[in-house]
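Just so we're clear, the structure is a prediction, and the values are computed from it rather than from any experiment.
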Amino acid sequence: TSTAPVDLAREGVDAAVRTAPLDAPPSPTALRLQPVMIAPFAAPALAGTGRRGSLVPGRLLGSKVRPGDWALWLREAGLPATPPPLLYESTTLAIQAALEGLGTVICSPSFVRDDVRARRLVALAKGSAMAGDCYWLMLPRGRIGPSLQVFVDWLVQAAEADSSIRTEPRRSRKGKRAGWEHRGAS
């Protein structure tokens, strides 16, 4: 997954996943997979140490790739602004810091699903917030081959299964698949 522009032909790849705004496909052939959701997570030992009335114990941890996620989540949760988060080069590093008890990470719940199941991290909120971006599958122009179509079908099914937000095909006027649209929770 990348936030950088992708040129499939120049980079010699068949498809790519990247994030871009919900209402701004990164290319005419991109399929919308699912919205980027964010929520706070902390190590169990840290989770119970927050100040009274605070959902966010310890230092705020985030990623340089998504520096505005804490401000967005705090606003959505109706919480006051806090000092800026400590931003790591990647979300993976920020998650690792949270696992080590260094603070509370903001990230996609799917990134830490296994850690939450194993009780290495705990969710600090009942739900998550939409970050305003979406995961997009970048596809080449024109027809795609059968093996790429198998991958596309698998990825779309995986994205739908991974999300409480259902995605459905949006049909063009000619009845051909034009992309994927957010349709709300099912």
Side-chain angles (χ1 to χ4, degrees), residues 1-8 11 13-41 61-77 85 87-88 90-95 98 104-118 121-141 144 147-172 175-186:
T1 303
S2 172
T3 57
V6 176
D7 183 335
L8 299 174
E11 296 178 32
V13 295
D14 295 326
V17 175
R18 71 163 287 194
T19 58
L22 280 167
D23 59 353
S27 80
T29 59
L31 292 179
R32 190 181 319 181
L33 295 173
Q34 64 180 207
V36 174
M37 306 300 286
I38 55 172
F41 298 88
L61 308 173
S63 166
K64 288 182 180 179
V65 175
R66 303 193 54 81
D69 282 356
W70 269 115
L72 173 73
W73 187 83
L74 290 167
R75 199 170 42 253
E76 290 285 321
L87 298 177
Y88 289 85
S90 71
T91 304
T92 302
L93 291 174
I95 291 167
T104 299
V105 67
I106 189 86
C107 66
S108 170
S110 63
F111 290 0
V112 294
R113 178 177 295 119
D114 292 341
D115 293 312
V116 171
R117 284 185 185 145
L121 290 175
V122 294
L124 299 180
K126 289 183 181 180
S128 53
M130 289 183 69
D133 289 337
C134 186
Y135 293 105
W136 293 89
L137 176 60
M138 307 283 295
L139 294 169
R141 293 184 186 274
I144 60 174
S147 59
L148 182 53
Q149 186 62 56
V150 168
F151 172 74
V152 169
D153 293 344
W154 169 82
L155 186 59
V156 168
Q157 284 184 322
E160 289 174 344
D162 185 53
S163 180
S164 61
I165 296 177
R166 190 171 44 113
T167 54
E168 293 179 355
R170 178 172 45 101
R171 302 289 173 182
S172 70
K176 295 180 181 175
R177 185 174 61 218
W180 295 81
E181 283 190 316
H182 171 253
R183 294 284 187 184
S186 28

Point to revise | Spatial distance of atom CD1 (Ile95) from atom CG (Leu121) [nearest 0.5 Å] | key: 8.0 Å
Practice item. Would you check if Ser63 and Tyr88 make a side-chain contact, meaning some heavy-atom pair closer than 4.5 Å? Key: no
Point to revise | pair Cys134-Thr19: side-chain heavy atoms closer than 4.5 Å | key: no
Practice item. Taking all heavy atoms of Pro140 and all of Ile144, pick out the closest pair and write down the distance. Key: CG-CG2, 3.9 Å
**Study point:** Worked verdict on Asp153 versus Gln157 for side chain to side chain donor-acceptor pair (under 3.5 Å)
**Key:** CA-CA 6 Å; Asp153 293 344; Gln157 284 184 322; over 6 Å; no
Review point. Tell me, do Tyr135 and Pro35 make a side-chain contact under 4.5 Å, heavy atoms counted?
Key: no
Review point. Is there a side-chain contact between Leu22 and Met130 (heavy atoms, below 4.5 Å)?
Key: yes
**Study point:** Closest heavy-atom pair and its distance - Pro21, Trp136
**Key:** O-NE1, 3.4 Å
Review point. Any side-chain heavy-atom pair from Leu87 and Arg66 closer than 4.5 angstrom?
Key: no
Point to revise | Pairs satisfying salt bridge (Lys or Arg N to Asp or Glu O under 4.0 Å), at least one member in residues 19-31, at least two apart | key: none
**Study point:** pair Pro109-Met37: side-chain heavy atoms closer than 4.5 Å
**Key:** yes
Check your understanding: Partners of Asp115 by salt bridge (Lys or Arg N to Asp or Glu O under 4.0 Å), sequence neighbours excluded?
Key -> Arg120
Revision key, fill the gap. side-chain contact (heavy atoms from CB on, under 4.5 Å) with Asp69: of Val36, Val105, Ile38, Thr91, only one passes, and it is Ile38
Check your understanding: Do the side chains of Pro28 and Arg141 get nearer than 4.5 Å, heavy atoms only?
Key -> yes
Exercise for review: Could you tell me which non-hydrogen atom of Ala30 sits nearest to which non-hydrogen atom of Pro26, and how far apart they are?
Suggested key: CB-CD, 3.9 Å
Practice item. Search all heavy atoms of Ala39 against all heavy atoms of Ser128 and return the closest pair with its distance. Key: CB-CB, 3.9 Å
Exercise for review: Compare every heavy atom of Ile106 with every heavy atom of Pro40, then report the nearest pair and how far apart it is.
Suggested key: N-CD1, 3.9 Å
Point to revise | Closest heavy-atom pair and its distance - Leu61, Ala98 | key: CD1-N, 3.6 Å
Exercise for review: Measure the CG-OG1 distance between Leu8 and Thr29 for me, rounded to the nearest 0.5 Å.
Suggested key: 7.0 Å
Exercise for review: Measure the spacing between CE of Met138 and CG of Asp14 and express it to the nearest 0.5 Å.
Suggested key: 13.5 Å
**Study point:** Phe41 side chain near Val122 side chain, heavy-atom distance below 4.5 Å
**Key:** no
Check your understanding: Just how far is it from atom CG of Asp133 to atom CD of Gln34, taken to the nearest 0.5 Å?
Key -> 12.5 Å
